Amino acid sequence: MEKVVSLCKRRGFVFQGSEIYGGLAGVFDFGPNGVELLNNLKRAWWKSNVYDKESHYGIDSGMFKHPKVWDASGHTSGFSDPLAECRECNTRIRVDKELGKVGVVADEKMSEEDINKLFDENRDKIVCPKCGQKNFTPARAFNLLVKSNLGDFTGDGSDPVYLPGEACQGIYLDYKNILDSMSPKLPFGIVQIGKAFRNEISPRNFLFRTRELEQADTQLFVKPNQNKEAYEQLKQDRMNWYISIGIKPENLRFKQHDNLVFYASDAWDIEYNFPSLGFDELEGIHDRTDYDLTQHMKYSGVDLRYTDSETGEKYVPWILETSVGMGRMFLAVIADAYYEEEMGDGIRTVLKLHPSLAPYRAAVSPLLKNKPELVAKARGVFSLLKKEFGNIAWDDNGNIGKRYRRQDEIGTPACIVIDFETLGEEKSELKDTVTVRNRDTGAQERVAIGDLVGYLANK
Ligand code: ATP
């Protein structure tokens, strides 16, 4: 994990939030290369969840929501994690996660009483990650919702408007608008990538657990009790998608939840083998029954039933959900692509990202930056490729070996070098050809400038 974090900082992928002020725990910024990878991931996810599907509708809902939304969803009363504090050094721990580390099945949905019973039975095994002592307070439920003072002009804090604890509530709120404006037939999906905020007790492990996060959600609305087949299909689709973007299958697995929330009919995670953490949740796939819409119907007083156009019957659809944090996805993708391997006379670090995800399609370099004729020719190639692909890097910093190493660390699939042969100064038959160096093998090919666009598009 340390190596991944260091590469992310060194190469402009991810920075600690508010770093010059000492940082703000659980908040990260994506740098120039990170935002390209993140946007490519979002585009790939959106394509698979909207464009490649039938009757899947994308939305982008407002972040702030009516305070009652979080009562209806159960977040104001039940969105909590069990927190205990070390009496020696005041470090806070999440008791369910610490129990999990010593092989005791526990989760945040358990009652305070049940989790404390398990905690008491296993106190000798749980040590403070900071001071190593075992002297903790009992666990208490700590609500993770983050409050705002939006519209609170009296300052009394009653009826706070919360930041979203999960992005999917925006989908449930717009479900009726989608019915009225798009007239979809069941089954149909509503899809969103939206921000969420959680007062995580111990944000840690880089992008794995942050306080500000972005969730990519698909909510599939199906006929009541017609969920099983669609649920299985959803699970397989999501697993196949991770493999299609280049994640190694051996680093992915399914895990069924040990404890279900009372309304859920089934719940599985896709786990990824994260560096330092091992297998842990990457994405949740949940069969939520009719809970969400029934709750919002109750709290809003608005009829959210779907009218079956064939039978005229009215019912509340069931919801199958897939939800993944973009930060966790980003971490899994970078970790999976990270290699240290021998090349030439040393060890190189390389990100073998899927070419469609890499921040740049290619980098263009003049062999020497103090030769105006080489620079002019390289600029011409750079403009040509930029016009076609957009994300092309210009790299003339340091010698060519250093540029290759740098582009390897960014994951750029091809480096294009304009040299004296391109100018036709050495062998006339090589005039207007360039060297293209392959990121994964280091192999170099000579390609005519006129063929470059087709060559890169094929790759
Ligand atoms: P965990 O048990 O790890 O706290 P969760 O079960 O609360 O996660 P969900 O509420 O189901 O997670 O959220 C769906 C997805 O959002 C998760 O699978 C994960 O990818 C992502 N996610 C949740 N919490 C965080 C967080 N604090 N930081 C980054 N990603 C998160």
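For ligands, and for the atoms within them, numbers begin at 1 and follow the listed sequence. Values in this document were obtained by computation on a predicted structure and should not be read as measured data.
- In terms of N/O distances under 3.5 Å, ligand 1 is approached by Gly325.
- Using a cutoff of 4.0 Å between basic side-chain nitrogens and carboxylate oxygens, Arg238 and Glu283 are scored as salt-bridged.
- Annotation: cation-pi geometry satisfied between Arg253 and Phe279 (NZ/CZ under 6.0 angstrom from ring centroid, within 45° of ring axis).
- A salt bridge is defined here as a Lys NZ or Arg NE, NH1 or NH2 lying under 4.0 Å from an Asp or Glu carboxylate O, and Glu19 with Lys9 meets this definition.
- Any N or O atom pair closer than 3.5 Å counts here, and Leu213 shares no such pair with ligand 1.
- Side-chain atoms of Asp269 do not come within 3.5 Å of backbone N or O of Phe254 as any donor-acceptor pair.
- Between atom 9 (P) of ligand 1 and the options Glu283, Arg198, Glu166, Arg94, the minimum heavy-atom separation is to Arg198.
- The protein non-hydrogen atom at the shortest distance from atom 6 (O) of ligand 1 is Glu281 OE1, 3.3 Å.
- Ligand 1 places these atoms under 4.0 Å from at least one heavy atom of Thr210: 26 (C), 27 (N), 28 (N), 29 (C).
- Note on ring orientation: taking the six-membered ring where Trp is involved, the planes of Phe188 and Phe221 are parallel (angle under 30°, cut-offs 30° and 60°).
- Using a 4.0 Å cutoff on heavy atoms, Lys97 counts as a contact of ligand 1.
- Residue contact check: Val324 has heavy atoms under 4.0 Å from atoms 20 (O) of ligand 1.
- Note that Arg437 lies in the cation-pi zone of Tyr404, set by a 6.0 Å cut-off to the ring centre and a 45° limit from the axis.
- Nearest protein heavy-atom neighbour of atom 29 (C) of ligand 1: Phe208 O, 3.2 Å.
- For Asp269, no heavy-atom contact with ligand 1 is shorter than 4.0 Å.
- With atom 1 (P) of ligand 1 as the reference point, the heavy atom nearest to it among Glu321, Arg209, His257, His286 is part of Arg209.
- Each of the atoms 18 (O) of ligand 1 lies under 4.0 Å from some heavy atom of Gly284.
- Between Glu409 and Arg11 there is a salt bridge, with a side-chain nitrogen of the basic residue lying less than 4.0 Å from a carboxylate oxygen of the acidic one.
- The shortest contact between atom 14 (C) of ligand 1 and any protein heavy atom is with Ser323 OG, 3.3 Å.
- A salt bridge links Glu200 with Arg94: the closest approach of a Lys/Arg side-chain nitrogen to an acidic carboxylate oxygen falls below 4.0 angstrom.
- Note that OH of Tyr172 and CD of Glu166 are 6.0 Å apart. Values are rounded to the nearest 0.5 Å.
- Using a cutoff of 4.0 Å between basic side-chain nitrogens and carboxylate oxygens, Lys195 and Asp60 are not scored as salt-bridged.
- Protein heavy atom closest to atom 13 (O) of ligand 1, with residue, atom name and distance, is Gln215 NE2, 3.2 Å.
- The proximity of Glu271 to ligand 1, defined as any non-hydrogen pair under 4.0 Å, does not occur for either the backbone or the side chain.
- Within the listing of ligand 1, atoms 18 (O), 19 (C), 20 (O) sit less than 4.0 angstrom from a heavy atom of Leu282.
- Among all non-hydrogen protein atoms, the one lying nearest atom 30 (N) of ligand 1 is Arg328 NE, 3.5 Å.
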